[in-house]
Amino acid sequence: MKVCTDACVFGAFASNILRRTSNIEHILDIGTGTGLLSLLLAQDTAVFIDAIEIDSNAYQQAKDNFDRSPWKERLTVFNVDVLQFIADKKYDCIISNPPFFEDDLRSVNEEKNKAKHDSSLTLQQILQVVDSNLSDDGIFFVLLPHHRVHYFETEAKKVGLYPDEKLWIKQTEKHDFFRACLSFSRKETKPHIVDLTIKNNDGSYTDEFIELLKSYYLHF
């Protein structure tokens with residue numbers, strides 16, 4: 001799976017929140033792919049991160065990426081179905097960029113289907129896993145298509161998870177919002193909502209995008 005811009009924004013969004021949050025020691029990354037989110041969080045925190053990836057090829061790539069990183073001592077990846085994963089602890093933070101193109105055109109590539117469609121892991125199953133593995137004071141981060149946010153929030157409420165912060169993402173001012181970065185906790189509060197536009201109309205990156213991603217990109 002290629003690294004995509006919205007996943008980078010998602011990782012930066014989560015890191016910004018974690019940097020101002022105390023008592024975060026253990027993170028679980030559900031569906032890590034090639035390890036992007038775990039690496040972004042490892043760069044900005046001093047926590048230990050467990051990553052789960054069901055696809056064997058992606059797992060091997062994530063393992064190689066972790067082993068080559070400066071934070072390899074804090075990164076562990078498991079080649080397992082998250083529904084079969086048994087942890088020996090509760091996690092202070094869980095993050096997931098889940099398969100979410102439930103009703104869209106499927107690819108002939110089965111690996112892409114697993115990564116982008118919820119045929120292998122539904123949003124309800126993700127919420128069940130989060131509810132079982134998240135500590136009472138923990139934070140849950142998820143990246144979603146903008147049009148599925150209301151549905152997901154309704155489902156999350158059923159397991160006692162409520163939105164804290166939301167980042168609406170759009171490509172340019174001429175486009176509608178297409179992605180949403182969300183943080184959840186077990187405390188019901190009024191969520192803080194911020195917008196992010198990736199590019200100006202001339203194709204250059206916006207100042208807000210550069211500010212958010214400058215710690216991770218080699219150059220703009």
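Put simply, the side chain of R179 never gets that close to the backbone of A7: no donor and acceptor are under 3.5 Å apart. At least one donor-acceptor pair under 3.5 Å links the side chain of D81 to the backbone N or O of L83. Listed for the D195 side chain is no donor-acceptor partner under 3.5 Å among the backbone atoms of W168. Put simply, the side chain of S15 gets close to the backbone of G11: a donor and an acceptor are under 3.5 Å apart.
Counting only heavy atoms from C-beta outward, the side chains of L212 and N16 approach each other to under 4.5 Å. By the 4.5 Å heavy-atom criterion applied to side chains, K89 and D50 are counted as neighbours. Residues L123 and R148 are in side-chain contact: their nearest non-hydrogen atoms beyond the backbone lie under 4.5 Å apart. Looking at heavy atoms from C-beta onward, D44 lies out of side-chain contact with L18 at the 4.5 angstrom threshold. Considering only heavy atoms from C-beta on, D92 stays 4.5 Å or farther from N23 through its side chain. Looking at heavy atoms from C-beta onward, I139 lies in side-chain contact with S183 at the 4.5 angstrom threshold. Two residues are said to be in side-chain contact when any heavy atoms from C-beta on lie closer than 4.5 Å; N79 and E53 fail this criterion.
A donor and an acceptor atom, one from each side chain of T34 and N65, are nowhere located under 3.5 Å apart. Between the side chains of E173 and T197, at least one donor N or O lies within less than 3.5 Å of an accepting N or O. Between the side chains of Q61 and N57, not a single donor N or O lies within less than 3.5 Å of an accepting N or O.
Ion pairing between a basic and an acidic side chain is recognised when a charged N comes within 4.0 Å of a carboxylate O; E153 and K166 show such pairing. Residues K90 and D137 are not paired through a salt bridge, judged by the lack of any N-O separation under 4.0 Å between the basic side chain and the carboxylate.
Atom OG of residue S38 and atom CG of residue D29 lie 3.5 Å apart, to the nearest 0.5 angstrom. Note: I52 CD1 to N133 CG = 7.5 Å, rounded to the nearest 0.5 Å. A distance of 10.5 Å separates OG of S132 from CG of L127, quoted to the nearest 0.5 Å. Atom-to-atom distance recorded for I49:CD1 and L75:CG is 5.0 Å, nearest 0.5 angstrom. Once rounded to the nearest 0.5 Å, the distance linking CD1 of I198 with CD of Q171 reads 4.5 Å. From D164, atom CG reaches atom CZ of F184 across 9.0 Å, with rounding to the nearest 0.5 Å.
One hydrophobic cluster, built from ILVMFWY side chains closer than 4.5 Å, cannot hold both Y162 and L134; they sit in different ones. Neither F48 nor L40 shares a network with the other; the hydrophobic side chains, linked directly or stepwise wherever heavy atoms of I, L, V, M, F, W or Y lie under 4.5 Å apart, form separate groups for each. With hydrophobic clusters built from ILVMFWY side chains whose heavy atoms lie under 4.5 angstrom apart, L143 shares a cluster with I17. Tracing side-chain contacts under 4.5 Å through hydrophobic residues (I, L, V, M, F, W, Y), one reaches F141 starting from Y216; they form part of the same cluster.
Between F10 and N97, the shortest heavy-atom distance links the atoms CE2-N, 4.2 Å. Here the closest heavy-atom approach between residue V142 and residue F152 is recorded as CG1-CE2, 3.8 Å. L144 and V149 get closest at one heavy-atom pair: CD1-CA, 4.4 Å. Of all heavy-atom pairs spanning I27 and I95, the tightest one is CG2-CG2, 4.4 Å. For T45 against L41, the heavy-atom pair with the smallest separation is OG1-O, 2.8 Å. Among all heavy-atom pairs drawn from A62 and G35, the shortest one is CB-N, 3.9 Å.
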Could you walk me through whether R186 and L161 pass the side-chain contact (heavy atoms from CB on, under 4.5 Å) check? CA-CA 5 Å; R186 299 189 188 277; L161 291 168; 4.1 Å; yes
side-chain contact (heavy atoms from CB on, under 4.5 Å) between F209 and V9, intermediate numbers included: CA-CA 8 Å; F209 179 84; V9 171; 3.6 Å; yes
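Geometrically, K170 engages F177 in a cation-pi contact defined by less than 6.0 Å to the ring centre and at most 45° from the axis.
Listed by first then second residue, pairs satisfying ring-ring contact (aromatic ring centres under 6.0 Å, His included) with a partner in residues 71-99 read F78-F85, not counting sequence neighbours.
Applying the 6.0 Å contact sphere to CG of D67 captures more than 12 heavy atoms from other residues, nucleotides or ligands. N201 CG: more than 12 foreign heavy atoms inside a 6.0 Å radius. Counting heavy atoms of neighbouring residues, nucleotides and ligands inside a 6.0 Å radius, atom NZ of K157 does not exceed 12 of them.
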